[in-house]
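In what follows, chains carry the letters A, B, and so on, assigned in the order in which the sequence lines appear, proteins first and then strands, with residues in each chain numbered from 1.
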Amino acid sequence: MERLSDTFFARPTLEVARDLLGRWLVHEHPCGVRLIGRIVETEAYRQDDPAFHGWRLVDPETGQVRPQGRAYDLFAPPGTAYVYLNYGMYWLLNVVTEPEGVGGAVLIRAVEPLEGLTFMQKQRPRARRPHELTGGPGRLTMAFDIDGRYHRRPLTCPPLYFAAGEPVSDALVATSGRIGLSRGNDLPWRFFVRNSPYVSPAFRG
DNA sequence: ACGAGGATGCTCT
DNA sequence: GAGCATCCTCGTG
């Protein structure tokens, strides 16, 4: 299966978020297990967006970027991992988009487990229903054993990368506002596969 | 099925 | 010290 390269990610963030649906997230785990999930839910974050972590780094007048703090990693080369710990407990996996120096990222919110289910279930012993295993940005990182050690590493080569998979047709794609934000909820920058059992029921639309 | 509340640590003010 | 790009448990219906 062909890997997605940096040219895939060096595009407008909304385009990448939409196009990642149906692609595969692959983790060749150090212990020898290969984990694969088909992406069914994403969210786009752009540098002109108040919900974007690096929002304050951009001068609204000049467009100049202040290279400071962790959020500056969102301006890294396309295809770089931005792995963020939120609520002190959950790692969230993003892939950096746009050309280097332009801010942007796509949050991977849910995948459909395709390979390595035994490992994933061991990671998530409480999961009972299908969507509880890998549905939700914090859940999928637990299932795939992804944490801060991947922050700033390329997602264009093993051990953690994206594979071409099969794109999803427009008829099967839905959009909505992004989830869990206090600002920028009005922007329809969440993309998900319609009626997927692997998207949380409350957010299936 | 759904809503409220708590856990918990990092970043920036 | 506030504010989180969340998840789980335990109430109620």
In whole angstroms, how far is the [atom2] atom of [N] from the [atom1] atom of [X]?
| X | N | atom1 | atom2 | result |
| --- | --- | --- | --- | --- |
| A/Met89 | C/dC4 | CE | P | 15 Å |
| A/Asn94 | C/dT6 | CG | C1' | 14 Å |
| A/Tyr87 | C/dA2 | OH | C1' | 12 Å |
| A/Tyr84 | B/dG9 | OH | C1' | 10 Å |
| A/Arg183 | C/dA2 | CZ | C1' | 12 Å |
| A/Arg70 | B/dC12 | CZ | P | 9 Å |
| A/Tyr72 | B/dC12 | OH | C1' | 19 Å |
| A/Leu92 | C/dA5 | CG | C1' | 6 Å |

- Task: Would you indicate what A/Arg124 reaches in the nucleic acid, counting non-hydrogen atoms under 4.0 angstrom: base, sugar-phosphate, or nothing?
- Result: sugar-phosphate
- How would you label the contact of A/Arg178 with the nucleic acid (heavy atoms, under 4.0 Å): base, sugar-phosphate, or nothing? nothing
- Run the numbers on A/His27 and A/Tyr150 for side chain to side chain donor-acceptor pair (under 3.5 Å), then give the verdict. CA-CA 11 Å; A/His27 189 192; A/Tyr150 284 113; 2.7 Å; yes
- For DNA chain C, just give me the dot-bracket, please: Watson-Crick or G-U, both distances below 3.5 Å, ( ) intra-strand, [ ] crossing earlier pairs, | paired with another strand, . unpaired. ||||.|||||||.
Choosing from [options], which nucleotide comes nearest the side chain of [X]?
| X | options | result |
| --- | --- | --- |
| A/Tyr82 | B/dT11, C/dC4, C/dA5 | C/dA5 |
| A/Arg129 | C/dC7, B/dA1, B/dC10 | B/dA1 |
| A/Leu85 | B/dG9, C/dC4, C/dC7 | B/dG9 |
| A/Asn86 | C/dC8, C/dA5, B/dT8 | C/dA5 |

Nearest-0.5 Å distance, [atom1] of residue [X] to [atom2] of residue [Y]:
| X | Y | atom1 | atom2 | answer |
| --- | --- | --- | --- | --- |
| A/Thr141 | A/Tyr84 | OG1 | OH | 13.0 Å |
| A/Leu25 | A/Leu4 | CG | CG | 10.5 Å |
| A/Gln123 | A/Ile146 | CD | CD1 | 10.5 Å |
| A/Glu15 | A/Thr97 | CD | OG1 | 10.5 Å |

According to a strict under-4.0 Å criterion, is [X] in side-chain N/O contact with OP1 or OP2 of [N]?
| X | N | value |
| --- | --- | --- |
| A/Ser182 | C/dC4 | yes |
| A/His53 | C/dA5 | yes |
| A/Tyr90 | C/dC7 | no |

- Could you say whether A/Gly136 or A/Gly88 is positioned toward the 5' end of DNA chain C, judged by the nucleotide with the nearest heavy atom to each? A/Gly88
- Task: Might you work through the ring pair (Phe, Tyr, Trp, His ring centres under 6.0 Å) test for A/Tyr90 and A/Tyr87, ending with a clear yes or no?
- Result: CA-CA 7 Å; A/Tyr90 303 109; A/Tyr87 295 98; 7.7 Å; no
Distance-only donor-acceptor pairs under 3.5 Å for side chains of residues 155-178 of chain A, two or more places apart:
from     : atom 1 : to       : atom 2 : distance (Å)
A/Tyr161 : OH     : A/Glu28  : OE2    : 2.8
A/Asp170 : OD1    : A/Arg18  : NH2    : 2.8
A/Ser176 : OG     : A/Arg190 : NH1    : 2.9
A/Arg178 : NH1    : A/Ala44  : O      : 2.9
A/Arg178 : NH1    : A/Asp49  : OD2    : 2.7
A/Arg178 : NH2    : A/Asp49  : OD1    : 3.1
A/Arg178 : NH2    : A/Gly184 : O      : 3.0

- Task: Before giving the answer on side chain to side chain contact (heavy atoms under 4.5 Å, CB included), spell out for A/Asp73 and A/His151 the whole-Å C-alpha distance, their side-chain angles and the decisive distance to 0.1 Å.
- Result: CA-CA 9 Å; A/Asp73 295 335; A/His151 182 62; 2.8 Å; yes
